[in-house]
Amino acid sequence: MAIAIVLIVIVIAALAFHALSPWWLTPLASNWGLIDDTLTVTLLITGAVFVAVNLFIAVAVIRYRHRHGRRAAYEPENRKLEHGLTWLTAVGIVAMLAPGLVVYAELISPPKDALVVEVVGQQWQWAYRFPGEDGRLGTSAMRFVGADNPLGLNPADPAGRDDALAVGPELHLPLGRPVRVLLRSKDVLHNFFVPPIRTRMDMVPGMVTEFWFTPTRAGRFDILCAELCGVGHYNMRGVMVVEPQADFERWLAGLPRFAAARQVAATPPGGDLAARGRGIAQARGCFGCHSVDGAASVGPGWRGLFGHEVELADGSRLKADAAYIAESIRAPAAKLVKGYPPIMPPYALDDGEVAAIAAYIASLDGAADGTR
Amino acid sequence: MHDSHDAPHGFWTRYVFSQDHKVIAIQYTVTALAVGLVGLVLSNLMRLQLGFPGHFDFIDANRYYQSLTQHGMIMVVYLLTAILLGGFGNYLIPLMIGARDMVFPFLNMLSYWVYLVAVLVLLASFVVPGGPTGAGWTLYPPQSILPGTPGADWGIILMLVSLLIFIVAATMGGLNYVTTVLQARAEGMTLFRLPLTVWGIFMATILALFAFPALFVSGVMLLFDKVLGTSFFMPAIVSMGQPLAYEGGSPLLFQHLFWFFGHPEVYIVALPAFGIVSDLISTHARKNIFGYRMMVWAIVAIGVLSVVVWAHHMFVSGMNPAFGFFFAVTTLIIAVPTAIKVYNWLLTLWRGDIHLTVPMLFALGFISMFAIGGLTGLFLGNVSVDIPLSDTYFVVAHFHMVMGVAPILVIFGGIYHWFPKVSGRMMNDTLGRWHFWLTFVGAYAIFFPMHYLGFLGMPRRYYAYENYAFIPESAHTLNAFITVAALVVAAAQLLFLFNLAWSARRGRLASANPWGATTLEWQTPDTPPGHGNWGAQVPVVHRWAYEFSPPGQARDFVPQNAPPDAPVE
Amino acid sequence: MEASIDLARPARPATARVAVWLLLGVVFVLFVLCLLAYAMRMRLGDWRALPLPWQLNVSTAMLILSSASLQWASVAARRGGRCARGALFAAFVFAAAFLAAQAWAWQALVAQGRLASANPSNGFFFLLTGLHALHVLGGIVALLLAGRRGERLGLCALYWHGLLAVWLLLYATMAWLTPAIVDFICGVA
Amino acid sequence: MDALSPSAGGHGQQHPIGVYLKVWGLLFVLSTLSYLVDYFHVGGVLRWALIVAFMLAKAGLIVAVFMHMRWERRALLVAVLLPPLCLLVLAGLMWAEAEHTRQTRNVYFVAESGAAGHGAADKADGAAR
Ligand code: HEA
Ligand code: HEA
Ligand code: CUA
Ligand SMILES: [Cu+2]
């Protein structure tokens with residue numbers, strides 16, 4: 001008996017929860033209202049079945065619970081009933097599936113005139129690339145990745161020379177124009193997920209995946225990584241800024257082009273040491289775990305590190321000098337910083353590179369340079 | 001493989017290295033529940049972090065991902081698969097089909113000990129340097145074998161080795177169960193007179209035999225990639241700034257192999273639960289199961305179809321987009337035989353004589369949980385609706401309702417139901433009811449709201465959700481609520497453990513057939529059944545397993561082995 | 001099933017046969033899945049066919065001989081013939097020779113520097129031969145336990161023939177399967 | 001007493017309509033599968049192998065059920081025949097999948113460095129497309 005009441009209460013509570021809950025789909029910001037509609041159709045059908053099933057149990061328990069002298073009916077099967085229910089279910093399924101497939105067909109056929117943007121993932125940061133004037137993205141390969149070429153573009157491909165690079169969390173897109181997003185990863189699986197645009201796709205190393213949408217609402221949207229990619233997964237943040245075409249073009253124009261960026265980054269050692277250090281840290285993926293604004297993320301932040309006291313896991317303290325930094329890079333497990341897990345992989349960098357990184361970390365002090 | 005198989009005498013051969021299926025079943029069950037408890041504790045560690053982020057600093061990101069992975073893997077493989085096939089399968093198959101034991105008792109024993117080794121290797125990964133792997137239970141490469149993932153050195157290797165060992169154990173057991181069902185049925189026990197429990201376990205075992213090789217292959221290949229540096233799954237990669245020597249492989253290949261195993265796996269744990277719950281409902285509603293043949297065919301159809309739906313886990317994986325159509329269609333087709341099962345359970349209740357015993361409560365709870373979990377599966381199976389929901393808490397809610405809670409409820413129901421046969425004593429009713437209510441209502445409280453976090457877009461496998469603009473403060477409050485509910489439910493399991501331990505020694509003595517059930521296991525001459533199960537004579541079967549309340553009979557059930565001419569008074 | 005509890009009866013031969021067939025089914029699925037992965041991986045561009053070491057011909061011959069001897073042994077044992085012991089011994093020797101020849105092939109490849117990691121085709125070679133050798137090894141253990149009774153030898157022989165079939169399939173695939181053939185089968189131009 | 005009838009009562013030989021429905025559903029699925037063979041442009045020998053396999057399965061089902069072959073055999077037949085069939089499906093799909101991956105590589109990536117192995121990084125002819 002109690003079970004009948006509880007089931008009825010559960011149904012009522014579920015409906016009330018649905019009606020009153022403040023948690024629901026984020027407001028739509030793309031053309032994919034169709035997905036929301038399909039979801040609503042599915043919700044209505046399944047919701048009705050949910051209510052029906054629970055109420056049926058409740059009624060059955062109330063009517064047919066054991067009482068003295070009651071005896072169950074003997075009824076091995078009832079073909080007409082089973083027949084009918086099977087058809088009913090089939091109809092329900094078709095009602096959900098048909099619209100779903102229609103929408104899917106559209107989801108996988110991007111319009112021809114879409115703006116192409118490439119998103120490149122790496123543990124735990126984002127980078128973006130737009131085609132230059134020729135409207136084409138250059139080819140790439142992992143073997144080209146280096147300090148001066150973080151996205152691994154093919155230097156010999158003329159189509160890639162004018163590609164605009166945005167290395168960092170921020171992606172700008174023009175309002176109202178279809179965007180075809182090509183996705184690529186340098187290391188592991190990631191997933192480009194912006195809840196308000198609904199559609200998304202995994203980023204798979206070794207291949208290029210894609211999806212498309214049209215932004216319909218201006219604003220700043222969180223970009224999340226929605227495929228487990230290691231300890232920093234939950235912290236792989238990006239921002240998608242949707243803005244009018246003119247603003248977007250201004251932003252795009254300000255981006256470095258591949259060929260030019262390479263020249264700058266290739267400053268020979270002995271030039272600005274700290275800048276070289278920054279390049280190395282960028283290429284080696286240090287920023288996946290270390291921020292430079294002093295905030296702690298997966299690893300300790302670098303601002304205010306050099307020359308200051310560090311508390312180690314064993315309680316001892318020491319001053320962070322160049323030797324300590326070198327050791328931290330080459331044998332991170334030797335001296336663990338308090339409050340952090342021993343997850344940093346050892347890096348076999350040569351003395352020059354280590355010195356450059358140390359110089360860069362030192363340069364972060366006192367907000368002298370305003371990096372980021 | 002031994003020639004003689006007399007009733008064993010010594011302590012060791014009787015209780016430890018026993019070849020008796022009943023003892024092996026208990027060993028499997030106890031071991032599985034023990035690791036299950038570890039899995040439960042891990043889930044609460046995760047919940048503590050999610051509900052009260054930052055308050056418990058021993059749960060850092062590494063530990064979180066390790067808990068997540070081990071929780072998922074333990075629950076799915078080492079608890080559910082092991083307890084349903086190794087525990088329930090072992091105990092019930094021979095008894096229900098009227099056999100004296102499994103056809104290969106020695107192999108059966110070996111299967112348990114190999115399973116135990118798999119468990120120990122798994123647990124060993126908790127103490128190796130770097131800890132257990134934190135790659136998620138799906139173990140997707142490249143991430144699972146690269147730095148940046150906890151346990152990427154020792155942890156993942158031990159995880160894979162443990163899985164391979166587990167598969168060996170499952171195969172040994174599986175060959176045994178299938179052959180036993182095919183070859184050792186008592187006279188008169190046709191396939192279409194088998195209790196649905198046996199059907200469910202039988203089909204699940206066939207699925208296991210053909211699906212586990214896929215996991216085996218992907219596991220071995222992943223080990224090769226990790227240890228020998230081959231590039232089966234690994235393309236050219238720059239990891240943490242270091243170019244690696246891999247080249248040309250495809251991570252998608254692993255995902256296909258994994259899910260070619262993974263989806264049948266979820267039905268491997270669902271089908272036995274379907275079978276068991278059918279028997280519970282029929283017995284405690286004193287009514288024949290409605291549409292028995294349909295139920296059998298539904299089990300077969302689900303088993304078959306479940307092998308061609310795997311890529312519904314990969315709708316956003318970047319696979320060939322044309323596959324979406326195929327897999328959406330096959331996935332939703334599976335809902336039809338599943339729906340038939342739900343209808344037939346419901347129709348079995350209708351016009352029944354429902355005894356609200358503890359096993360029946362768990363069975364009813366199962367229907368409710370399973371229905372909602374299955375229905376949310378339809379969102380996910382419908383490609384375009386899956387795209388926004390994939391890898392969010394909606395998926396977490398779906399699979400906990402349908403797999404995390406529903407079969408667990410059946411396992412509890414089954415334990416309350418068969419405990420009198422296993423131990424000769426009844427379990428305590430009051431404690432059982434408390435256990436049910438806390439678990440059932442608590443599980444709703446934990447997992448129902450998660451669907452809404454999923455709609456909101458909260459991704460799963462997140463250690464923390466700080467500073468995301470689209471997540472309102474209220475969502476964090478909700479998470480705290482869920483955590484509290486999870487702690488309560490976990491604590492409620494202590495009632496169950498206490499009840500088990502206490503009833504085994506002090507429980508009320510049970511009669512041979514306390515529920516008035518028709519199936520053979522209740523008709524044994526001794527309770528608990530002795531060595532060889534049947535005394536001098538194996539039973540002869542005269543009817544199906546659901547002869548409840550037949551017209552013109554004084555009693556409301558007729559055992560399967562009661563002779564047709566002499567109705568039981 | 002009369003008075004005495006007949007648990008002493010070993011599994012009926014028919015029963016054991018069902019189990020061995022099932023086992024062969026599982027083994028077959030296992031290797032077919034490997035070959036599926038093989039075919040898919042082959043497609044991905046960086047594949048270079050591995051020139052198979054000539055030792056494989058030796059090992060193939062050994063496995064065929066072993067299989068035949070075991071069949072002979074099982075038939076002879078069932079008839080109560082005397083040659084059973086000799087044939088059984090031969091089966092062991094040939095099986096061991098098979099493993100030795102496989103190991104020799106491995107060693108030859110390693111000596112040429114063709115390690116598993118050099119190319120996916122090498123990786124698959126070691127994977128497939130290794131898994132298969134493990135199955136043969138398992139068979140040898142079972143054979144050791146089987147003794148000399150006819151029906152048990154019959155079961156072992158069945159398993160042996162299964163492994164031989166699997167080996168021939170593996171060998172043929174590694175030797176002759178090219179992307180062009182799969183393209184032809186699948187009709188992709 | 002009829003050994004095939006589930007209950008002892010006098011239900012006789014009739015097979016419930018549900019079974020026919022079920023089988024009908026299966027037949028429908030098989031037909032869909034044969035149709036999908038065309039949809040995915042599977043060709044060559046595999047195409048005919050698949051189509052024939054599906055046809056045989058259908059014929060088998062019809063013989064077994066609508067022609068009342070023994071129920072038990074059928075259950076086993078289904079359980080034993082279908083896994084290989086499913087493997088065939090897997091085979092076809094995997095091949096299509098590899099093709100898809102290779103296509104994206106050909107379009108977007110510079111060709112792998114080829115037989116020389118890695119290291120020889122500069123064989124970068126953009127003509128690879
Ligand atoms: C016991 C385990 C179990 C079971 C039975 C199911 C059953 C189903 N599952 Fe679930 N699933 C999992 C365990 C399970 N699942 C797990 C573990 C995962 C996540 C793995 C991971 O990523 O970690 C998952 C993930 C998962 C996904 C991938 C989501 C994603 O990652 O994006 C999908 C997508 O299609 C899916 C679909 C379904 C469907 C359609 C069913 C169907 O079989 C359900 C059928 C049941 C019903 C439909 C309800 C009863 C029917 C009625 C009451 C009749 C009325 C109905 C109508 C009129 C329509 N599941
Ligand atoms: C059978 C499977 C099963 C079960 C029972 C559970 C039980 C629970 N799970 Fe689990 N969970 C998984 C399978 C399961 N889970 C899987 C596969 C994943 C995915 C992993 C991944 O992403 O890689 C996952 C992930 C997962 C997450 C997602 C984390 C993330 O994505 O970041 C969360 C978060 O809340 C969670 C919570 C819980 C809770 C609170 C419980 C419970 O506390 C619920 C309430 C408790 C019960 C209903 C009783 C359970 C009883 C037992 C387990 C028997 C124990 C033994 C005895 C009593 C003797 N689980
Ligand atoms: Cu990147 Cu998760
Ligand atoms: Cu699935």
Side-chain angles (χ1 to χ4, degrees), chain A residues 3 21-26 35 38-39 42 46 49-50 53-54 56-57 60-61 64-66 70-74 76-77 82 85 89 93 96-97 100 103-104 108 123 142 145 186-189 195 198-199 201-202 204-206 209 222 224 226 228-231 234 283-285 341 343 345, chain B residues 60-62 136 142-143 147-149 235-241 251 286-288 291 294 316-318 321 324 332 335-336 339 343 346 349-355 364 368 371-372 375 378-379 382-385 387-388 391 452 455-457 459 461-464 468-470 474 549-551:
Chain A
I3 182 90
S21 110
W23 309 290
W24 188 240
L25 297 173
T26 46
I35 292 187
T38 323
L39 195 148
T42 314
T46 56
V49 175
F50 167 71
V53 167
N54 281 299
F56 188 99
I57 304 177
V61 167
Y64 301 110
R65 69 182 184 282
H66 176 67
R70 172 188 293 289
R71 205 178 156 99
Y74 187 77
E77 46 207 9
E82 294 182 59
L85 285 172
T89 312
I93 298 281
M96 286 183 276
L97 190 54
V103 178
Y104 186 66
I108 61 174
Q123 276 170 329
M142 278 306 114
V145 170
K186 284 163 71 176
D187 40 32
V188 303
L189 302 169
R198 303 298 187 256
T199 179
M201 192 53 72
D202 271 7
V204 185
T209 57
D222 287 319
L224 315 175
L228 181 52
C229 52
V231 270
Y234 68 100
R284 295 290 183 161
I343 51 166
Chain B
D60 55 37
N62 273 296
Q143 180 250 125
T149 300
I237 276 174
V238 177
S239 166
M240 304 272 163
R286 313 309 299 154
K287 184 156 170 281
N288 59 64
M294 273 289 237
V316 295
S317 69
L332 288 217
V336 177
Y343 300 144
L346 295 178
L349 293 174
W350 200 249
R351 302 212 285 146
D353 171 22
I354 302 172
H355 292 246
L364 296 176
S368 177
I372 181 170
L375 292 168
L378 299 178
F379 287 72
N382 200 350
V383 228
S384 35
V385 187
I387 289 174
D391 270 311
Y452 288 81
F455 283 132
L456 181 63
R461 295 170 164 180
Y462 261 36
Y463 166 66
Y468 284 106
F470 75 101
S474 60
S549 310

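In what follows, chains are A, B, ... by sequence order, proteins preceding strands, each numbered from 1.
Judged by distance alone, with hydrogens and angles left aside, the side-chain atoms of A:Gln123 form no donor-acceptor pair with the main-chain N or O of B:Gly148 at under 3.5 Å. A donor-acceptor pair under 3.5 Å links the side-chain atoms of B:Asn382 to the main chain of A:Met96, judged by distance alone. Without hydrogens or angle criteria, A:Arg71 side chain to B:Pro550 main chain gives a donor-acceptor distance under 3.5 Å. Under the 3.5 Å distance criterion, the side-chain polar atoms of B:Tyr452 are left unmatched by any main-chain donor or acceptor of A:Pro22.
If you tally non-hydrogen atom pairs under 4.5 Å between each of A:Ile108, A:Val49, A:Val61, A:Leu97 and chain B, the highest count goes to A:Leu97. No other option in B:Ile372, B:Asp353, B:Leu332, B:Ile387 has as many heavy-atom pairs under 4.5 Å with chain A as B:Asp353. Taking chain B as the reference chain and counting heavy-atom pairs below 4.5 Å, the highest number among A:Thr209, A:Ile57, A:Thr199 is found for A:Ile57. Chain B forms more heavy-atom pairs under 4.5 Å with one residue of A:Thr26, A:Leu228, A:Val188 than with any other, namely A:Leu228.
Taking 4.5 Å as the limit, some side-chain heavy atom of B:Tyr343 sits within range of a side-chain heavy atom of A:Thr89. No side-chain heavy atom of A:Tyr74 sits under 4.5 Å from any side-chain heavy atom of B:Ser549.
In this structure, B:Pro321 and A:Tyr104 approach most closely via the heavy-atom pair O-OH, 2.8 Å. In terms of heavy atoms, A:Tyr234 sits closest to B:Tyr468 at O-OH, 2.8 Å. When all heavy atoms of A:Ala72 and B:Arg286 are compared, the pair lying nearest together is CB-O, 3.2 Å. The shortest heavy-atom contact between B:Leu375 and A:Thr46 is CD1-O, 3.5 Å. Here the closest heavy-atom approach between residue B:Asn288 and residue A:Ala73 is recorded as ND2-O, 4.4 Å. Closest of all the heavy-atom pairs between B:Ala469 and A:Asp222 is N-OD2, 2.7 Å.
Below 30°, between 30° and 60°, or above 60°: for B:Trp350 and A:Phe56 the angle between ring planes is between 30° and 60°, a tilted geometry.
By the side chain to side chain contact (heavy atoms under 4.5 Å, CB included) test, A:Pro205 pairs with A:Ser185, A:Leu189, B:Pro142, B:Pro235, B:Ile237, B:Pro251, sequence neighbours left out. In this structure B:Phe379 satisfies the ring-ring contact (aromatic ring centres under 6.0 Å, His included) test together with B:Phe394, sequence neighbours excluded.
Separation of atoms CZ (A:Arg70) and CD1 (B:Ile354) is listed at 8.5 Å; rounding is to 0.5 Å. In this structure, A:Asp202 CG and B:Asp391 CG are separated by 7.0 Å, a value rounded to the nearest 0.5 Å.
Heavy-atom distances place the side chain of A:Ser21, and not its backbone, under 4.5 Å from chain B. In this structure, chain A has a heavy atom under 4.5 Å from the side chain of B:Ala371, while its backbone stays farther away.
For the residue pair A:Asn54 / B:Ser368, a side-chain donor-acceptor distance below 3.5 Å is found, with atom types taken as modelled.
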